[in-house]
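Heads up: the structure comes next, in structure tokens.
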Number of protein chains: 2
Amino acid sequence: MWKLSRKSEYALMVVQRLGALGPSEQLPASVLADDGDLPRDLTAKILQELRQAGIVQSSRGVAGGYRLVRPLDSVAFLDVVRPFEEHLGLADCVDGDGGCKRAEGCTLQGPVARLNHWLMGHLRGLSMAEFVGPGRGLGLTVDMPQPSTGRVSSDRLGSVRRNAL
Amino acid sequence: MWKLSRKSEYALMVVQRLGALGPSEQLPASVLADDGDLPRDLTAKILQELRQAGIVQSSRGVAGGYRLVRPLDSVAFLDVVRPFEEHLGLADCVDGDGGCKRAEGCTLQGPVARLNHWLMGHLRGLSMAEFVGPGRGLGLTVDMPQPSTGRVSSDRLGSVRRNAL
DNA sequence: GCAAACTCGGACTAATTGAGTCCTATATCC
DNA sequence: GGATATAGGACTCAATTAGTCCGAGTTTGC
Ligand code: FES
Ligand code: FES
């Protein structure tokens, strides 16, 4: 569950880098790759997909390269990541495509869909400018107070916490 | 990114089922599997892991079986899912274990860690009782108003939306 | 004590997904 | 026309996930 694929990480790096460029500047894939120490071919591929997703523009030829279509604060985190995440939903069932044989009578579909919807909404609302901004720029922790009803008190959950950060 | 593993789905089902039981009731793995139409052996495995995580208790022998340690509203969604998600962090870098060679100067580590932390916090605060409750019981959409500063207006994000629900 | 019903837990295999490479075609600038 | 780019598909290899199998340990009832 929700490790970003490495492609997504690369995409985030690249988008961030491009966001720092001046309005008429652009960079070729090779430079973006080398600067970030990323595999060249893979970076090229990623940029292609970002282009198809409408995040970056490209120009070919000798002095070609990539640049952002919109500034960083108009690019949603979710959109940068979406092309590289095969299963963006929380579970397959959520698609509704009748994929799941036990769909009828399933007591999980609803809750999963709700949670998924909530998550997606927030990631769609998170701009790259915010995401990448240093310090408290994220705003997430500020804008969203801890809910109070019926919650688990976190101190009684003393389990592993390996990767929980 | 964040498809739940199938094991997690199964775990959620099983926990939900056990939560509906009376205080002194319990069910063997075989029944839980058959009722939910899940693979028997795998269900048994999942229950073992849930036991190690402190979610369920088991008793062996003839009339043995599994039951919840705590009631549904004291079990965090995150805890049910955690044992089955290898990479719970948003990205490997986040662990900090020096795993990443480009850690120094990385402009992604901070933002990813922040976002990850935020997500984990909310999933830890979501009890199974809430999660699974029908209708608007989730409370997530109620308690958390949409932030307003610097956000992307969602109507200009007209891309794929395949799995976005 | 013994058999039946059940959990425990590791080892193993198969299937899916992810990461990364390679190669060819096409466009642009000088 | 040659150098430098992107475009995009096909392909391989590695990692993870899903699922199976089997032997061992436990409790209950007879
Ligand atoms: S709809 Fe697939 S398991 Fe619920
Ligand atoms: S720390 Fe690993 S890429 Fe940033």
Side-chain angles (χ1 to χ4, degrees), chain A residues 1-11 13-14 18 25-34 36-67 81 83-89 91-92 99-101 163, chain B residues 1-11 13-14 18 25-34 36-53 55-67 81-89 91-92 99-101 163:
Chain A
M1 167 157 143
W2 62 43
K3 200 185 87 176
L4 289 170
S5 73
R6 207 167 302 178
K7 286 187 190 176
S8 291
E9 291 182 43
Y10 295 167
M13 291 184 204
V14 162
L18 288 177
E25 293 178 272
Q26 58 180 9
L27 290 176
S30 54
V31 172
L32 287 167
D34 292 350
D37 197 19
L38 319 175
R40 282 190 142 191
D41 288 328
L42 191 51
T43 306
K45 257 191 126 46
I46 287 169
L47 283 162
Q48 285 173 36
E49 301 195 59
L50 284 176
R51 188 189 58 93
Q52 290 171 350
I55 310 282
V56 304
Q57 264 178 314
S58 67
S59 51
R60 306 222 250 191
V62 163
Y66 292 92
R67 60 194 176 282
V81 147
F84 310 104
E85 306 296 336
E86 184 68 16
H87 299 283
L88 205 37
D92 291 335
C100 185
K101 55 179 179 181
N163 289 319
Chain B
M1 166 157 146
W2 60 48
K3 198 184 89 174
L4 289 170
S5 74
R6 207 167 302 178
K7 287 187 190 175
S8 292
E9 292 181 43
Y10 295 167
M13 293 185 204
V14 163
L18 289 177
E25 293 178 274
Q26 60 181 9
L27 291 176
S30 54
V31 171
L32 287 167
D34 292 350
D37 197 20
L38 319 175
R40 283 191 142 189
D41 289 328
L42 191 50
T43 307
K45 249 189 133 47
I46 287 169
L47 283 163
Q48 285 173 36
E49 301 196 58
L50 285 176
R51 189 186 59 93
Q52 289 172 349
I55 311 284
V56 304
Q57 265 179 315
S58 68
S59 52
R60 308 223 245 193
V62 164
Y66 292 91
R67 61 192 175 282
V81 148
R82 199 201 311 254
F84 310 103
E85 306 296 335
E86 184 70 14
H87 299 283
L88 205 39
D92 290 336
C100 185
K101 56 180 179 182
N163 289 318

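In this text, all values refer to a predicted model and were calculated from it rather than measured experimentally. Note on naming: letters A, B, ... go to the chains in the order of the sequence lines (proteins, then strands), and numbering restarts at 1 for each one.
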Exercise. Contact class for A:Glu49 vs. all strands (heavy atom < 4.0 Å): base, sugar-phosphate, or nothing?
Worked result: nothing
Problem set entry | Test side chain to side chain contact (heavy atoms under 4.5 Å, CB included) applied to B:Phe84 and B:Lys45, step by step | CA-CA 11 Å; B:Phe84 310 103; B:Lys45 249 189 133 47; over 6 Å; no
For this session: In whole angstrom, give the distance that lies between atom CD of B:Glu85 and atom C1' of D:dT16.
Result: 12 Å
For this session: State, to 0.1 Å, how close A:Leu18 and A:Tyr66 come at their nearest heavy-atom pair, and which atoms those are.
Result: CD2-O, 3.5 Å
For this session: Could you state the atom-to-atom distance from CG of B:Asp41 to P of C:dA14 in whole Å?
Result: 16 Å
For this session: Drop me the distance from B:Asp37's CG to B:Met13's CE, to the nearest 0.5 angstrom.
Result: 9.0 Å
For this session: Starting at atom CZ of A:Arg6, determine the distance to atom P of C:dT17, rounded to an integer number of angstrom.
Result: 19 Å
Exercise. Do any N or O atoms from the side chain of A:Gln26 and from the backbone of A:Ala63 form a donor-acceptor pair under 3.5 angstrom?
Worked result: yes
Exercise. How many Å lie between CD on A:Gln48 and C1' on C:dA25, as a whole number?
Worked result: 12 Å
Seminar exercise, completed: Side-chain atoms of B:Lys7 come closest, of C:dG20, D:dA18, C:dA5, to D:dA18
For this session: Check whether any side-chain nitrogen or oxygen of B:Ser58 sits under 4.0 Å from OP1 or OP2 of C:dC8, and answer yes or no.
Result: yes
Problem set entry | Whichever of A:Val62 and A:Leu47 has its nearest DNA chain D nucleotide further upstream toward 5' | A:Val62
For this session: By nearest nucleotide on DNA chain C, pick out whichever of B:Leu27 and A:Gly61 is the more 5' one.
Result: B:Leu27
For this session: Among the candidates C:dG9, D:dA5, D:dA3, find the nucleotide nearest to the side-chain atoms of B:Arg51.
Result: C:dG9
Exercise. D:dG19, C:dA5, C:dA19: which one has an atom nearest the side-chain heavy atoms of A:Ser5?
Worked result: C:dA19
Seminar exercise, completed: Here the distance between atom C1' of D:dA7 and atom CG of A:Leu42, to the nearest Å, is 15 Å
Exercise. Of B:Lys3, B:Glu85, B:Arg82, which meets side chain to side chain donor-acceptor pair (under 3.5 Å) against B:Ser8?
Worked result: B:Glu85
Exercise. Base, sugar-phosphate alone, or nothing: which one does A:Gln52 contact when heavy atoms must sit under 4.0 Å apart?
Worked result: sugar-phosphate
Problem set entry | Protein-nucleotide distance (A:Arg60, atom CZ; C:dT28, atom C1'), rounded to Å | 9 Å
Exercise. In whole angstrom, what separates B:Glu9's CD from D:dG19's C1'?
Worked result: 15 Å
Exercise. Of the nucleotides C:dC29, C:dG20, C:dT7, which one has an atom closest to the side chain of B:Tyr66?
Worked result: C:dT7
For this session: Quick one: label A:Ala29 by what it contacts on the DNA or RNA (base, sugar-phosphate, nothing), any heavy atom closer than 4.0 Å.
Result: sugar-phosphate
Problem set entry | Contact nearer the 5' end of DNA chain C, comparing A:Tyr10 with A:Ala63 | A:Tyr10
Problem set entry | Interatomic distance, B:Ile46 CD1 vs C:dG9 P [rounded to whole Å] | 16 Å
